[in-house]
There are 8 protein chains.
Amino acid sequence: MDKVTSKKQIFELLKSVRNRKISPKNALSRLQTFPFEDFGYANLDYHREIRQGVGEIIYGQNKTPCQIKNIISNMLNNGLKNILITRISQKTADFLKKQKIDLEYYSIANLAIVKRNKKIKHTGFIIVAAAGTSDIKISEEAAITAEILGNNVKRLYDVGVAGLHRLLAHYDIIIKARVIVAVAGMEGALASVIGGLVSCPVIAVPTSIGYGSNFNGLSALLAMLNSCANGISVVNIDNGFGAGFIASRINKIGRS
Amino acid sequence: MDKVTSKKQIFELLKSVRNRKISPKNALSRLQTFPFEDFGYANLDYHREIRQGVGEIIYGQNKTPCQIKNIISNMLNNGLKNILITRISQKTADFLKKQKIDLEYYSIANLAIVKRNKKIKHTGFIIVAAAGTSDIKISEEAAITAEILGNNVKRLYDVGVAGLHRLLAHYDIIIKARVIVAVAGMEGALASVIGGLVSCPVIAVPTSIGYGSNFNGLSALLAMLNSCANGISVVNIDNGFGAGFIASRINKIGRS
Amino acid sequence: MDKVTSKKQIFELLKSVRNRKISPKNALSRLQTFPFEDFGYANLDYHREIRQGVGEIIYGQNKTPCQIKNIISNMLNNGLKNILITRISQKTADFLKKQKIDLEYYSIANLAIVKRNKKIKHTGFIIVAAAGTSDIKISEEAAITAEILGNNVKRLYDVGVAGLHRLLAHYDIIIKARVIVAVAGMEGALASVIGGLVSCPVIAVPTSIGYGSNFNGLSALLAMLNSCANGISVVNIDNGFGAGFIASRINKIGRS
Amino acid sequence: MDKVTSKKQIFELLKSVRNRKISPKNALSRLQTFPFEDFGYANLDYHREIRQGVGEIIYGQNKTPCQIKNIISNMLNNGLKNILITRISQKTADFLKKQKIDLEYYSIANLAIVKRNKKIKHTGFIIVAAAGTSDIKISEEAAITAEILGNNVKRLYDVGVAGLHRLLAHYDIIIKARVIVAVAGMEGALASVIGGLVSCPVIAVPTSIGYGSNFNGLSALLAMLNSCANGISVVNIDNGFGAGFIASRINKIGRS
Amino acid sequence: MDKVTSKKQIFELLKSVRNRKISPKNALSRLQTFPFEDFGYANLDYHREIRQGVGEIIYGQNKTPCQIKNIISNMLNNGLKNILITRISQKTADFLKKQKIDLEYYSIANLAIVKRNKKIKHTGFIIVAAAGTSDIKISEEAAITAEILGNNVKRLYDVGVAGLHRLLAHYDIIIKARVIVAVAGMEGALASVIGGLVSCPVIAVPTSIGYGSNFNGLSALLAMLNSCANGISVVNIDNGFGAGFIASRINKIGRS
Amino acid sequence: MDKVTSKKQIFELLKSVRNRKISPKNALSRLQTFPFEDFGYANLDYHREIRQGVGEIIYGQNKTPCQIKNIISNMLNNGLKNILITRISQKTADFLKKQKIDLEYYSIANLAIVKRNKKIKHTGFIIVAAAGTSDIKISEEAAITAEILGNNVKRLYDVGVAGLHRLLAHYDIIIKARVIVAVAGMEGALASVIGGLVSCPVIAVPTSIGYGSNFNGLSALLAMLNSCANGISVVNIDNGFGAGFIASRINKIGRS
Amino acid sequence: MDKVTSKKQIFELLKSVRNRKISPKNALSRLQTFPFEDFGYANLDYHREIRQGVGEIIYGQNKTPCQIKNIISNMLNNGLKNILITRISQKTADFLKKQKIDLEYYSIANLAIVKRNKKIKHTGFIIVAAAGTSDIKISEEAAITAEILGNNVKRLYDVGVAGLHRLLAHYDIIIKARVIVAVAGMEGALASVIGGLVSCPVIAVPTSIGYGSNFNGLSALLAMLNSCANGISVVNIDNGFGAGFIASRINKIGRS
Amino acid sequence: MDKVTSKKQIFELLKSVRNRKISPKNALSRLQTFPFEDFGYANLDYHREIRQGVGEIIYGQNKTPCQIKNIISNMLNNGLKNILITRISQKTADFLKKQKIDLEYYSIANLAIVKRNKKIKHTGFIIVAAAGTSDIKISEEAAITAEILGNNVKRLYDVGVAGLHRLLAHYDIIIKARVIVAVAGMEGALASVIGGLVSCPVIAVPTSIGYGSNFNGLSALLAMLNSCANGISVVNIDNGFGAGFIASRINKIGRS
């Protein structure tokens, strides 16, 4: 028996009941089997690839290579492609490749993509700005995520506020972005300074770069949450993926 | 001597030097007097009203009624209107009205607007969702801010996750929003649940509603930063204004 | 048109479609209007009074007397009784009584009950134990909550571990409880000591009683979470209501 | 001289004194030797196996293989069986097996049971729900603990709130549980959502799964303690054993 | 029937059984009625006055004047005197005096003593040293407590380390103390400096005096716990009473 | 007998012993009476006014008007003038004036100076920069402190990083300072931005201005401690006085 | 030229000046060379061994084997013996033995003693009580420290409050101690329970044993600082040495 | 086309425009290419070596040997020398030497200097004081930094407050310093004691030396921020480099 997956399908089901092609009891059964999918929102999972440019996301952290392999297999069997895997080590990527999985690995950001959809059109314009060279790892996690999701990305690295001119030298391009991801550890002031310069949304990513009273990124996190500049919102410490993902959603507003 | 405020003006200045209408020394002086405004970004402040739909924002907290009055006067003298004042008490609002300032006061959100521009066109569609009735104050701060900035806002209040059906009953409208502001205190789970239902950006606002190990909003803040749903970013505890502001910026992408 | 509120009703609806008493379009509309209530769990709210012995719970904290009055009125109009209000002041209680609301007020616990159902049968046996006299307020919140919900409650107050014999003197009765609520501030050791004596579930309630490095109840909270005794779980600081509520649920297992 | 271990034995002792079979001095000595065991509560340790379905529990963490072996030997000499060992490594388990100890090891949960009592009747119905696959380790600690203690356990894994339909698809079974253990890291919202759906007690287990401002489980812990849903109590971060233990105690109320 | 309160009494009871003056059943009943008092430690409460120089201690904080009055009355009825009340306001003290209670009030330390035993012999030599004048309130709580408990106390106030010579000027007397109470807020360095000068035990009392990152005494508390000097132990923030009490116990070792 | 207050005086004392003008016993006594003052450092207190430009400092916080009055009287009797009182209320200042004390009060900074020495020469050049108008109170505490101590002070207020051009407009003057005090609440980014622009020492003062996850100044404090710019050191939250004091010490190096 | 090390020596020096055996200049020089030692308190270091039973203490943590060796050599050259080394690994101890240093190593407590003075008379009676077997390491650090310092020590291990009878079984001996060291991790309730049973000083040692919200000993630390029992003071987490040291100082009061 | 790098050069450029040696368009282009460098502050980077005695600073932490090598090469190509590298391991230093880089390595402080300028004149007088031998590593980071920057440095190690005489023995030299760096872990009292002795600026460096409630340096950090002594400011935990750098800036005031 087929799944009931949309409003239209429920309507068809009801018509079948009316036309006595299906009994009320069987109809009830079909409605119950997928009690939540039939009102649409459950379909998100199945149609996500089409609408969002990425099939599914797998958090690699805390998962064994075998677990990851099994999840990928299930997804591929369900016809998904363009599957993004975060926080995956080189070693695990190599293991998956040996299993004949069509996978691209980005070692700098510990990201991988399975069955990359190369036809995705890149739209809009996202800037990923990083305060220091130590923040590049997380910045790349954001930038590559946004690229895989079909966005044009411009990187501005090593533009921390201790040398303000380095940031200001890019003023012309900064004000043209549709959304900016600001990545910084230590005192995280980059987000505030960028927020004061632009009129687009800024997604701030605190990193755990620092030592002592940095407390693994707490100093940058608190600074970004308390920014005196408007138009800034914040993701978790070191959450480059999350920043790239929400930047993509913002960038695509009115386009998808 | 006039201000040098744009690339074109610098070019004109240089031509004047060439044409000996102005001496190199005087030209240097004019360049130095406004060393940063001349490359454009400093003009943000003066042109902000036109581009963003709000003239200027005054943080009312920690300011005396007299300080606020003086700042408003300066702004009005500079031709600004549609000036938003946050965290302003009824008492201060009454004081300002007595000073003949054209001011609308929103007591539920402690917001005021001076010389409201009633011709602003409202565009897009922002949802402000609140978990409990105690979160309405901060939610209104977000909602009214977004409205003043020219956005259509739909409020969904008392849709906390303890009664999931209350939220799900609005599923049809939730999935139509361009951006959602999710306001919740206590454990802040509303943001994650909404984040799992939609594919638009979600701005999460933790509130200080709660007691005990809530630690004045820390529990909701941490929960929202650690959300397992994608597409969520977070503002400071009780920062309804900030959420409304960034939601407006996101909503207007591709429209302003 | 009536609400569709149960599996049976959906079945009846489907039969009506079959019998052409209702069109597929109208049936779809009825299913959609209450998309989540029709599978049962949404009915929790309406049937809760019958199953749980309390009609509904209103958190009084952060609500104005008027807000509380309106919520009560709505509930009464929906036929609810035995409505519990937590964290409500004497002043608000007096205001509600003046509004002709049939309300009993428990000043020691800041609790009130509207239209108390006096026929509720009290079952089982819950002990509420308090370490010090300063913990009585929260203990009464737990004890009265449990009583209103239809449980037999035995109070053991001032049995803190600094005078161990005071607790041990009640050993005979302690071991007979079906569930124990242990309320303590300061170092919260009462929960561990009781947990080591009994074989029934213990609900630990840290209170904010203390000073200095107590940090408003943090010391007791952490101590209770880290108890070396088995069979203890913990609610929020000062959450007497929550402890009374869960103790009631546990006590009624196999009886409701 | 035999131990005096029960009320009845004290009575016999007193009769012996009366009958001059034992001198008052010797009787006093015997009472003193075990001053606390003779009033019953000390017997908990010896009779625990019979009443609770488990002989004794050994916390494996921070103990050497030799220490664990010695404790087991003592217990076996005292006639105990069905001894549960928590947080024990594969390596230690192997060591113990080589020592001819009759031990079953559950590697996924780092649990072991010595001389498992296979005749224990499994009763009631406990659900262990886990938000993500990374939470399975702690979930299994809870589930296996509950099973060893003689409970029927149903596992629902990967039902986190980011995909709400996955949880709701199990609604029919969820509402039948006598007690639910909700295991989640990150923002820990699963406990609130389940708490809002059911009317049985919910034991929430925060896990340390997450990163950044997760602070090793603090975010989930605070969220669960501050849940807006009723009927939830919380155990320590990663304390799967504790949750399984208290769930068992609750499940067996009125049955033991 | 009389209480059985000592080893000797149990022996007498057993002899009575032997002599058939009392039946085994009655003897068992008497042993059970006071199952814990009969081995001595429960008597602490009744005999404490004699051994420790103070009848009983009442924590005034969080208690109403009526509650305090009732507790005092009970104690007086039980023949206690020299009753110490901590954290009691002038207002409550006045109320108690009006109730004809024989009470001395020490307003600087918010302490009171009921039926002061003026014959207590003062022994030993305790120094209470305070870093700043703002620490005097807590210092007096310690000093008066120690005096009421029968100790000779020498006060050294305003000897903070910012003016080291002020402390060193008292070097001759400092090295003669049997125990020193070091009271300091802010960075709490006084405890370490004193600890480095003497060879007697030092009880450190952090106070909440300070502001900003003092975090209500946390800075002094952590400093004192981490002192590089040996022979220091610490009580809770602002716990002058606790320090005076333990200093008294130390001072009386070998004398009581 | 006169005090022995310097190396020279000790030498004179020893010569007197040699010349038998004073006995060894008396000489010992004089050495012992002031055991620490005689090596110079104790004299700091008496000679401080001459060397540092301020006689003595009284922390007004937590002191009663009477206590402050007594301390002032003692100082005046010892010949001191130019006495600085911090954190003193208008009310206390009025009380002191009524006591005929020659006192100037600075209400914006809650500072007072007794017997101000108007002949102090102002030297060097200190900038006090404040991020927002709410930070002015603490900034004035720093600025007035530095002025009273004899420094030239330039104030730059409302130069927060959200409007970078406001700060950069003062670039010419900023780079001329000998030392800069940077005062900021919220995310405290001002210190980093200034630190990146100048090559003089920067003293950063976090303020408690902010709300939510600001945690009473913690966000700014951590940000300033973790600054990516060199040459910054930090004082306590809201410690304007401390910053003014150390800025003065730095400014006067090589001049006092 | 000899050191001037006591009051008597200063007197002799002054007499020599008087008798012209030494010039004032030379006398001044000798006074200055040891400006602080000459008034007695500096002699603490040299005479400590005699008075306290231990020559000197070396904190082994964070020191290289070579650094430790050099410090020991210097001490031995100065005639010290009975030198205690804390937190020293087996490996370092072996290295020192190879260097011909007369050293006893206590591996369970990571302590060593150089040139142990075996004639030290052991006095008084200290109890070291540990809650769990995992706390034994820190307990032994306390116990061995106290023994080396010349105290009689009785160990009571595995007497945690989860099995109260195990502690109460030792009641007779507990009440005879002059001072008790209570060592516990997790919730640290042992200190409170012991504190309620005895009338001698109790030194509480929180350990870092536990997991999750234990936060490396914070839970036990806060619990012990907030104990409702009187007569308890606290040392740093895992500071067994510190507890043994202060217990020794207390035990020896009136005896040294 | 040459870079425009100073006010004078801009003037020359303007004169060339006047003299028609360069067109306005080309002049604009040259101004724009380096939009921020041309007003002076950007030149800091290029001229820093001359003014500050160090060419550039490279934070070695979190950088790979290759990244460091590339940065050095760029700097050398730009003519810089005297390049300081912090937090660099022996291994990386060896790698760089193999690459023929002229590098001196200071293993105790994990610092290196490339192309050391041996002609730098050492001026002024900075004291670096360390509380314990475990603090020497961070102290050397401060001391060597200051030396490389051209300052005379005096080290005073192992002068912690537990043995006050060790510090006071250096009183004569302490009061002669122009600036003091006070390095201490544990309770960090050294900064307060030194601050009370001197009238020069004190830079306090908390270290992470300690254990338990030290919380990786938090105890010393808070203590130093809350010092009761005046004239102290604080850098991040373990930030020896930062302290040496700011001490150098202070020392050189009026000399550079």
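Sequence lines set the chain letters: A, B, ... in the order given, protein chains first and strands last, and positions in each chain run from 1. As the structure is a prediction and not an experimental result, all values here were calculated from the model.
Of the atoms belonging to G/Leu221, it is side-chain heavy atoms, and not backbone ones, that fall under 4.5 Å from chain E.
Atom-to-atom distance recorded for G/Ile232:CD1 and E/Arg249:CZ is 8.5 Å, nearest 0.5 angstrom.
Partner G/Ile250 forms a side-chain contact (heavy atoms from CB on, under 4.5 Å) with one of E/Pro201, E/Ser233, E/Cys200 and no other, that one being E/Pro201.
Taking E/Ile174, E/Val202, E/Leu225 one by one and counting their heavy-atom pairs under 4.5 Å with chain G, the maximum is reached by E/Leu225.
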TODO: Decide yes or no on side-chain contact (heavy atoms from CB on, under 4.5 Å) for E/Ile57 and G/Asn230, but give the supporting numbers first.
DONE: CA-CA 10 Å; E/Ile57 292 144; G/Asn230 294 319; 3.7 Å; yes
